[in-house]
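What you are looking at is a predicted structure, and each value in this text was computed from that prediction instead of being measured. Below, chains carry the letters A, B, ... as their sequence lines are ordered, and counting in each starts from 1.
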Amino acid sequence: MSEFAAPRGMRDFYPEDWRAREALFSTWRQTAERYGFEGWDSPVVETMELLERKAGEEISEQIYGFEDKSGRRLALRPELTPSLARMIIARQGSLVFPLKWSAIGQCFRYERMTRGRKREHYQWNLDIVGEESIMAEAEVIGAAVCALRSLGLNETQFKVRVGSRAVLSELFAKSGIGKEHFMACCLALDKRGKITEEDVASLLTGEGLTPVDIERVFELLAIRSIDHVAERLGDDSPAIGQLRELFALADTLGFGDYLTFDLGVIRGLGYYTGIVFEAFDTAGKFRAIFGGGRYDSLLKVLGGERMPSVGLGFGDVVVQELLADLGIVPGGNRKIDYAIGYMTADCRALAMQAAMKIRAKGHSCDLGLSPEKAKKFFGRADKLGAEKAIYIGPSEAESEKFNVKTMAGGETAEKTIDQLI
RNA sequence: GUGGGUGUAGCUCAGUUGGUUAGAGCGCCAGGUUGUGGCCCUGGAGGCCGUGGGUUCAAGUCCCAUCACCCACCCCA
């Protein structure tokens, strides 16, 4: 074994890994195109200021930061959204909104590794910027669901949990719990099902909540349906209306079966303002497959005009692990249209002619790099996943005819060079 | 960051209370078939037993340290 390995948390892609990755990227790109998103890209390196400003000071320890030779503070991007916001703000006056943008980018994060989490990964971002209506959420989620379905997953294998920070906020206000406790309550809700109620309670006590408050939080923990929320907030609550609208739109768009209401989805970080969502495998074995939400104030925070926006991040690691667990291999096995081999150097010229003819017609063709025995060649053609194999020996070189063998069935057909394709 | 587990061939793993030359399956290479793959048979190559120290007549095996990976917790895009 070599003393060198990829740096911790960084991944090598050998050809089979690369095939799976490209198949996933291809699904992402096709889906984005199908839903009318435009592609974009930006540098992997960003200024530290942009990333810090959005994330806050604390997270900077998780950023791969460095100084360039003139002392500029730079960093490998941990996600795509700050770059997106930067690009949009730079042309906010000339871009036509709403816009729908899609990107696949490599992102870095310095942190402890666990399953489904590396220090480097690719993330598919879908964003709709400049749209107030819930149609933005519906289209973004619908596209991500579509991508997962294209990969071979169905509604028994994953669900999208939908929550709303606006609803939570209203609930807490209604229950008389101070705004300063909002994040602590969110964290407690997030722990639901993971730790005991006593532990949740002590957690909240530690945050300075009174026993009465804690009791109220536990009441909120019990809420499992939008109707129950509506009973508390009243039907005129705008946040409730938005949630109901999203579920209705999802039904009409045909992915309602994938959505479930879950107040516990809060997406930790501060910039989400409305509906938030996360997709999980039904078996509960993996981390979130994708997640996102509405962030109406991010552009303003970064110095632009306020602009209602919805975004989604979809990483490559968890979905590949989930697919592998279900026996699905994106990209499948190695495949090539033709393999060509030859017995001696004298036969090579004809083999080259055939290869160039096939390639000119747009088919893939592996041409043997050196003479090889028939047995070795056909074994190699098999491993290449060749659909057809052509082996050229002295008699073919003499007659200028090709025996084209179909690998699957084993039958051969004799062809001239003009009949090859 | 805390706790537990695992490091032996390219891969998955055996390896007895410490005892001679460290094994299997798969993969790879060659031959069986000097012009035809998959199946079968035969043979072959390939090991600093993670790394460093220690105990011992003797260490893959026991002890200590260290590194890497896995799982759970913690934290969280």
Quiz item: Taking atom C1' of B/G27 as reference, at what distance in whole Å does atom NZ of A/Lys383 sit?
Solution: 10 Å
Quiz item: Which is true for A/Arg77 with a 4.0 Å heavy-atom rule: it touches a base, it touches only sugar-phosphate, or it touches nothing?
Solution: nothing
Practice problem: Write down the distance between NZ (A/Lys285) and P (B/A72), rounded to a whole number of angstrom. | Solution: 11 Å
Practice problem: Both distances under 3.5 Å, Watson-Crick or G-U wobble: report the partner of B/U17, or none. | Solution: none
Quiz item: What is the pairing partner of B/U55, taking Watson-Crick or G-U wobble pairs with both distances under 3.5 Å in any strand?
Solution: none
Self-check item: Euclidean distance for C1', B/G7 against B/G50 (whole angstrom)
Solution: 6 Å
Quiz item: Counting just side-chain N and O atoms, does A/Lys375 come under 4.0 Å of either OP1 or OP2 of B/G31?
Solution: no
Quiz item: For B/G60, what is the paired nucleotide under Watson-Crick or G-U wobble rules, both distances under 3.5 Å?
Solution: none
Practice problem: Take A/Val229 and A/Leu243 through the test side chain to side chain contact (heavy atoms under 4.5 Å, CB included) and record every step on the way to the result. | Solution: CA-CA 11 Å; A/Val229 179; A/Leu243 271 177; over 6 Å; no
Self-check item: Worked check of salt bridge (charged side-chain N to carboxylate O under 4.0 Å, His left out) between A/Arg73 and A/Glu49
Solution: CA-CA 8 Å; A/Arg73 292 171 62 239; A/Glu49 286 78 4; 3.4 Å; yes
Exercise. Round to a whole Å and report the spacing from CG of A/Leu51 to P of B/A77.
Key: 16 Å
Quiz item: Tell me: CZ of A/Phe286 to P of B/A72, nearest whole Å?
Solution: 11 Å
Quiz item: When you compare B/G15 with B/A59, how far apart are their C1' atoms, in angstrom units rounded to a whole number?
Solution: 14 Å
Quiz item: Choosing from B/A77, B/C76, B/U36, which nucleotide comes nearest the side chain of A/Glu79?
Solution: B/A77
Practice problem: Using a 4.0 Å heavy-atom cut-off across all strands, classify A/Gly379 as base, sugar-phosphate, or nothing. | Solution: sugar-phosphate
Practice problem: Apply the test salt bridge (charged side-chain N to carboxylate O under 4.0 Å, His left out) to residues A/Arg380 and A/Asp366: give CA-CA distance (whole Å), side-chain angles for both, the deciding distance (0.1 Å), then the verdict. | Solution: CA-CA 10 Å; A/Arg380 202 166 58 77; A/Asp366 181 273; 3.1 Å; yes
Practice problem: Give a yes-or-no answer on whether the side chains of A/Arg77 and A/Ser42 include a donor-acceptor pair shorter than 3.5 Å. | Solution: yes
Self-check item: Check: A/Thr47 and A/Arg86 side chains under 4.5 Å, non-hydrogen atoms
Solution: no
Self-check item: Residue A/Glu396, side-chain heavy atoms: nucleotide from B/A77, B/G37, B/G35 that is nearest
Solution: B/G35
Quiz prompt | Base-pairing mate for B/A72 - Watson-Crick or G-U, with both contacts under 3.5 Å | solution = B/U2
Quiz item: Is there a donor on the side chain of A/Glu372 or the base of B/G35 sitting less than 3.5 Å from an acceptor on the other?
Solution: no
Quiz item: Less than 4.5 Å apart, any side-chain heavy atom of A/Leu326 and any of A/Asp281?
Solution: no
Quiz item: For B/C49, which nucleotide in any strand shown is its Watson-Crick or wobble partner with both distances under 3.5 Å?
Solution: none
Self-check item: Nearest-nucleotide 5' precedence on RNA chain B, A/Ala408 against A/Phe314
Solution: A/Ala408
Quiz item: Any side-chain donor paired with an acceptor under 3.5 Å for A/Gln30 and A/Ser26?
Solution: yes
Considering only nitrogen or oxygen atoms on both sides, find all protein atoms under 3.5 Å from nucleotides 2-7 of chain B and state each distance.
none

Quiz item: With a non-hydrogen cut-off below 4.0 angstrom, is A/Thr412 in contact with a base, only sugar-phosphate, or nothing?
Solution: nothing
Quiz item: For B/A77, does OP1 or OP2 lie under 4.0 Å from any side-chain N or O of A/Lys118?
Solution: no
Self-check item: Exercise: do A/Asn154 and A/Thr156 side chains pair donor with acceptor under 3.5 Å
Solution: yes
Quiz item: Side chain of A/Lys376: nearest nucleotide among B/G38, B/A30, B/G35?
Solution: B/A30
Practice problem: Indicate, with a heavy-atom threshold strictly under 4.0 Å, whether A/Pro78 touches base, sugar-phosphate, or nothing. | Solution: nothing
Quiz prompt | Whole-angstrom distance between B/G60 and B/G23, as gauged at atom P | solution = 14 Å
Practice problem: Using a heavy-atom cut-off of under 4.0 Å over every strand shown, decide if A/Lys405 touches base, sugar-phosphate, or nothing. | Solution: base
Quiz item: How many Å lie between CE on A/Met343 and C1' on B/G35, as a whole number?
Solution: 4 Å
Quiz prompt | Spacing of A/Phe108 atom CZ relative to B/A77 atom C1', expressed in whole Å | solution = 15 Å
Quiz prompt | Base paired to B/G43 (Watson-Crick or G-U; both N/O distances under 3.5 angstrom) | solution = B/C29
Practice problem: With a 3.5 angstrom cut-off on both distances, give the Watson-Crick or G-U wobble partner of B/A24, or none if there isn't one. | Solution: B/U12
Exercise. For the side chain of A/Arg287, starting at C-beta, report the closest nucleotide among B/G37, B/C76, B/U36.
Key: B/C76
Practice problem: Side chain of A/Ala374 only, please: which of B/A77, B/G37, B/U36 is the nearest? | Solution: B/U36
Self-check item: Spacing between A/Tyr14 atom OH and B/G27 atom P, to the nearest angstrom
Solution: 21 Å
Quiz item: In the structure shown, which nucleotide is the Watson-Crick or G-U wobble counterpart of B/G37, with both distances under 3.5 Å?
Solution: none
Quiz prompt | Integer angstrom distance from the C1' of B/U61 to that of B/U6 | solution = 16 Å
Quiz item: Sub-3.5 Å donor-acceptor pair from the side chain of A/Arg109 to the main-chain atoms of A/Glu79, do we have one?
Solution: no
Practice problem: Please report, rounded to the nearest Å, how far the C1' atom of B/G38 is from the CZ atom of A/Arg380. | Solution: 16 Å
Practice problem: Let me know, please, whether A/Gly291 or A/Gly410 comes out on the 5' side of the other along RNA chain B by nearest nucleotide. | Solution: A/Gly410
Quiz item: Hey, is A/Asp17 close enough to A/Arg11 for a salt bridge, meaning N to O under 4.0 Å?
Solution: no
